[in-house]
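Everything on this sheet refers to the single structure shown next.
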Amino acid sequence: MTTTRFAPSPTGYLHIGGLRTALFSWLWAKKNEGQFLLRIEDTDLVRNSEDAVTAILKAFDWVGMSYDGEAIFQSKRFELYAQYVEQLLNEGKAYKCYMSKEELTALREEQMAKGERTRYDGRYRDFRGTPPEGVEPVIRIKAPTEGTISFVDGVKGEINIAASEVDDFVIARAGGVPTYNFVVAIDDALMGLSDVIRGDDHLYNTPKQIVVYEALGFKLPNFYHVAMINNEQGKKLSKRDGATDVMEYKTLGYLPEALLNFLVRLGWSHGDQEIFSIEEMIELFDPKNINKSSSNYNLDKLLWLNAHYIKNKPHSELAELLVDFGVDIREHSKKDLILNATKERGKTLVELAEQVNLILNAPTDYNAKNFKKAFKEDTPEILALFMTILKEAELNEVADYHKVIEAVVEQKEIGFGKIGMPLRVSLLGSMTGSGLDEIMAILGRDETLSRIEKAINELNT
RNA sequence: GACCCUUUCAUCUAGUGGCCAAGGAUAUUGCGUUUUCAUCGCAAAAACAAAGGUUCAAAUCCUUUAGGGGUCGCCA
């Protein structure tokens with residue numbers, strides 16, 4: 001049975017990098033009809049917050065990913081961890097270390113000066129004398145002193161780390177609170193994980209966790225370390241690079257399916273395929289196709305995907321989504337007409353809402369430049385004829401409006417631009433936008449006439 | 001500094017010794033469609049980090065160099 005997990009520490013919002021590793025884990029579990037579990041790593045009592053937990057859950061909800069069973073909170077499992085500390089102490093696999101923080105700092109500085117990798121020197125490993133007074137001990141685990149710690153990473157291949165690189169690290173702080181690498185190994189084992197997919201910033205934690213697995217006699221899961229997502233310049237993603245909070249994408253008008261499609265293709269591929277529905281992702285995902293190297297965030301591609309998903313979304317759903325962006329056309333009789341005329345012009349829901357508003361709301365401000373460009377000497381005459389024909393025309397569908405324009409073009413023997421541009425500026429106040437016949441069909445005869453009249457009046461004042 | 005990971009067009013990537021004088025996608029440019037913009041269609045330009053090996057044959061294997069990233073906490 002495939003069991004995966006996402007294990008965020010609740011110190012802030014859900015980051016898109018975190019969402020991608022969660023997505024990989026989720027897909028892998030779904031594909032194998034296994035379990036995807038959620039564990040909240042809140043052992044740092046100072047930094048974690050409940051708000052952060054709800055923020056993370058909200059983001060999961062928005063993208064439509066759900067976890068199996070109840071979320072596990074590490075802060076509620078301290079007793080369990082303490083038992084394992086006790087066990088290791090009794091078995092002589094861990095020991096108390098009375099080194100003070102000052103002594104540790106001094107040791108590190110000395111090692112740094114010698115150009116070595118800093119590590120605890122194991123001075124209390126076999127200590128049997130009287131402990132110094134006034135120092136509350138930490139518990140350290142006995143790591144192997146020689147040889148190599150090896151494991152096979154599902155993404156990077158075989159990883160070998162010399163035992164001399166892994167020191168007797170602290171598993172319980174002074175005061176008894178257990179540390180990250182200790183509890184992660186215990187929980188991953190106890191939760192029955194078969195596959196651990198996480199960021200490659202954890203690569204160096206893996207040998208430490210293996211020390212714990214072995215001391216406790218747990219079976220190792222498969223590890224997959226996924227490279228980071230960098231910004232467009234190839235540097236670490238930071239808040240200055242735009243949206244890093246998953247929920248920001250909602251505000252910016254992205255569709256969750258576009259964001260997931262974007263993220264799944266960052267560091268993973270399936271041949272030449274670019275567009276993946278959620279179902280296809282589940283069917284096709286395999287961690288063996290995860291890339292070894294880091295990838296750069298690429299807004300253009302996200303935008304392209306978002307435009308794609310907007311174009312292909314059912315109108316009823318689009319209308320529903322637009323409500324959050326200040327446009328409510330759910331009950332509008334010409335909803336389909338409106339969306340057909342606009343949805344290819346908005347890469348985000350924000351832009352789509354703008355396009356819809358542009359048509360629905362009569363222009364209040366006619367740009368003088370536009371007027372100058374579009375309105376020539378004979379324009380009022382042309383528009384007058386247009387209105388005359390429009391008043392008498394039979395108008396049932398979009399094409400009927402087009403016929404009106406055609407009639408004017410024929411009678412006046414002019415090009416389409418001669419009537420098109422002034423008409424567009426009159427109706428929208430803009431030189432660009434949806435098709436004129438579509439716009440007029442949405443507005444209807446009366447509103448169309450009124451907007452043209454208004455524009456002509458404006459011109460005369 | 002030490003250790004570990006990594007390196008194909010601007011970007012995401014295909015590629016596991018011969019199908020590769022390197023394919024797809026985004027972005028860019030041009031053309032076409034369109035009354036405009038957008039969409040769409042077609043086309044162009046654009047890469048194996050460098051140097052040495054191994055081999056009949058290397059983007060693919062080995063070595064070295066260079067660039068990028070990560071880790072060195074009683075944070076997670």
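For the numbers below, each heavy atom of this structure counts, side chains included, while hydrogens, waters and symmetry mates do not. Per chain, numbering begins at 1; letters A, B, ... match sequence-line order.
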Whichever of A/Leu436 and A/Arg20 has its nearest RNA chain B nucleotide further upstream toward 5': A/Arg20
Closest-nucleotide 5' rank along RNA chain B - winner of A/His402 and A/Val138: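 It is A/His402 whose nearest nucleotide is closer to the 5' end.
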Please determine whether a side-chain nitrogen of the Lys or Arg among [X] and [Y] lies less than 4.0 Å from a carboxylate oxygen of the Asp or Glu.
X: A/Asp200; Y: A/Lys156; result: yes
X: A/Lys235; Y: A/Asp241; result: no
X: A/Glu351; Y: A/Arg345; result: no

Give [X] one of three labels, base, sugar-phosphate or nothing, depending on what nucleic acid heavy atoms sit under 4.0 Å from its own.
X: A/Met228; value: nothing
X: A/Lys236; value: sugar-phosphate
X: A/Gly267; value: sugar-phosphate
X: A/Ser434; value: base
X: A/Ile159; value: sugar-phosphate
X: A/Asn205; value: base
X: A/Lys114; value: nothing
X: A/Lys311; value: sugar-phosphate

side-chain hydrogen bond (donor to acceptor under 3.5 Å, both in side chains) partner of A/Asp168, the single match among A/Arg123, A/Lys142, A/Arg125: A/Arg125
Choosing from [options], which nucleotide comes nearest the side chain of [X]?
X: A/Tyr180; options: B/rA76, B/rU35, B/rG24; answer: B/rA76
X: A/Asp200; options: B/rC40, B/rC74, B/rC5; answer: B/rC5
X: A/Met421; options: B/rA25, B/rU36, B/rC4; answer: B/rU36
X: A/Glu274; options: B/rU11, B/rA25, B/rU36; answer: B/rA25
X: A/Glu165; options: B/rC3, B/rC37, B/rG1; answer: B/rC3
X: A/Met112; options: B/rG1, B/rU39, B/rG23; answer: B/rG1
X: A/Thr179; options: B/rC74, B/rC4, B/rU6; answer: B/rC74
X: A/Asp201; options: B/rU7, B/rU26, B/rG70; answer: B/rG70
X: A/Asp300; options: B/rA27, B/rG24, B/rC74; answer: B/rA27
X: A/Thr432; options: B/rC37, B/rA76, B/rU7; answer: B/rC37

Closest non-hydrogen atom pair, A/Leu237 against A/Ile229: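 The answer is CG-O, 3.8 Å.
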Can you tell me, in whole Å, how much space there is between the [atom1] of [N] and that of [M]?
N: B/rA43; M: B/rG70; atom1: C1'; answer: 43 Å
N: B/rA58; M: B/rG18; atom1: P; answer: 11 Å
N: B/rC9; M: B/rU64; atom1: C1'; answer: 27 Å
N: B/rU60; M: B/rA49; atom1: C1'; answer: 16 Å
N: B/rA59; M: B/rU54; atom1: P; answer: 16 Å
N: B/rU39; M: B/rG32; atom1: C1'; answer: 14 Å
N: B/rG15; M: B/rG23; atom1: C1'; answer: 9 Å
N: B/rU28; M: B/rA46; atom1: C1'; answer: 10 Å

Side chain to side chain donor-acceptor pair (under 3.5 Å) assessment of A/Asn181 paired with A/Gln209: CA-CA 6 Å; A/Asn181 281 305; A/Gln209 291 170 18; 2.9 Å; yes
Which one is paired to [N], where only Watson-Crick or G-U wobble pairs with both distances under 3.5 angstrom count?
N: B/rG52; answer: B/rC62
N: B/rA2; answer: B/rU71
N: B/rG41; answer: B/rC31
N: B/rC9; answer: none
N: B/rC20; answer: none

OP1 or OP2 of [N] sitting under 4.0 Å from any side-chain N/O of [X]?
X: A/Lys301; N: B/rU11; value: no
X: A/Thr118; N: B/rG73; value: yes
X: A/Asn296; N: B/rC12; value: yes
X: A/Arg108; N: B/rG73; value: yes
X: A/Ser295; N: B/rU13; value: yes
X: A/Asn231; N: B/rU11; value: no
X: A/Thr43; N: B/rA76; value: yes

What is the distance, to the nearest angstrom, from the [atom1] atom on [X] to the [atom2] atom on [N]?
X: A/Glu438; N: B/rU36; atom1: CD; atom2: P; answer: 14 Å
X: A/Glu232; N: B/rU26; atom1: CD; atom2: P; answer: 16 Å
X: A/Asp241; N: B/rU11; atom1: CG; atom2: C1'; answer: 15 Å
X: A/Phe262; N: B/rA25; atom1: CZ; atom2: C1'; answer: 13 Å
X: A/Leu352; N: B/rA38; atom1: CG; atom2: P; answer: 17 Å

Test: A/Arg140 cationic atom under 6.0 Å from A/Tyr120 six-membered ring centre, within 45° of axis: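 Positive - A/Arg140 is close enough to the ring of A/Tyr120 and near enough to its axis.
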Test of ring centre spacing under 6.0 Å for A/Phe262 and A/Tyr254: no
Geometric class of the A/Tyr81/A/Phe78 ring pair [parallel <30°, tilted 30-60°, perpendicular >60°]: tilted
